[in-house]
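Shown next, in structure tokens, is the structure this report addresses.
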Amino acid sequence: MAASEDAEVDFAATVERLERLVEQLESGELSLEGSLAAFEQGVRLTRDAQRRLDEAELRVRTLIERPDGSIDFAPFDAPAAEDDSER
């Protein structure tokens with residue numbers, strides 16, 4: 001697996017872990033101490049995910065920088081999401 005694929009898997013795993021923590025916190029089944037520990041872990045995971053996103057943005061900027069040092073920013077058009085009502 002290439003380094004970029006490893007990073008994507010790690011990012012996806014981080015997001016999945018965050019989602020599980022949110023579910024645990026929302027369930028109300030954790031003790032106060034457990035909730036605090038889950039919250040602290042969520043903060044660490046969120047910061048890690050943000051760092052990864054910032055690094056990815058920097059890499060993209062590096063890739064689109066022109067030889068003269070200017071940057072050609074083009075709007076990113078995400079593919080249109082399918083509306084669930086249309087299925």
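The shown structure was predicted, so the numbers you read here are calculated from the model rather than taken from an experiment.
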Spatial distance of atom [atom1] ([X]) from atom [atom2] ([Y]) [nearest 0.5 Å]:
X     : Y     : atom1 : atom2 : value
Gln41 : Gln24 : CD    : CD    : 8.5 Å
Arg17 : Leu45 : CZ    : CG    : 4.5 Å
Leu18 : Arg20 : CG    : CZ    : 9.5 Å

At their closest point, which heavy atom of Thr14 faces which heavy atom of Ala49, and how far apart are they? CG2-CB, 4.1 Å
Quick check: closest heavy atoms across Leu25 and Ser35, and the distance to 0.1 Å? CD2-O, 3.6 Å
Taking only residues two or more places apart in sequence, or in another chain, which ones meet Gln50 in a side chain to side chain donor-acceptor pair (under 3.5 Å)? Asp54
A side-chain contact here means heavy atoms from C-beta on lying under 4.5 Å apart; do Leu53 and Glu57 qualify? no
Linking directly or through intermediates, with side-chain heavy atoms under 4.5 Å: list the remaining ILVMFWY members grouped with Leu58, chain and number order. none
Got a salt bridge between Arg44 and Asp48, using NZ or NE/NH1/NH2 to carboxylate O under 4.0 Å? no
For Glu55, enumerate each residue passing the salt bridge (Lys or Arg N to Asp or Glu O under 4.0 Å) test, keeping only those at least two apart in sequence or located in another chain. Arg51
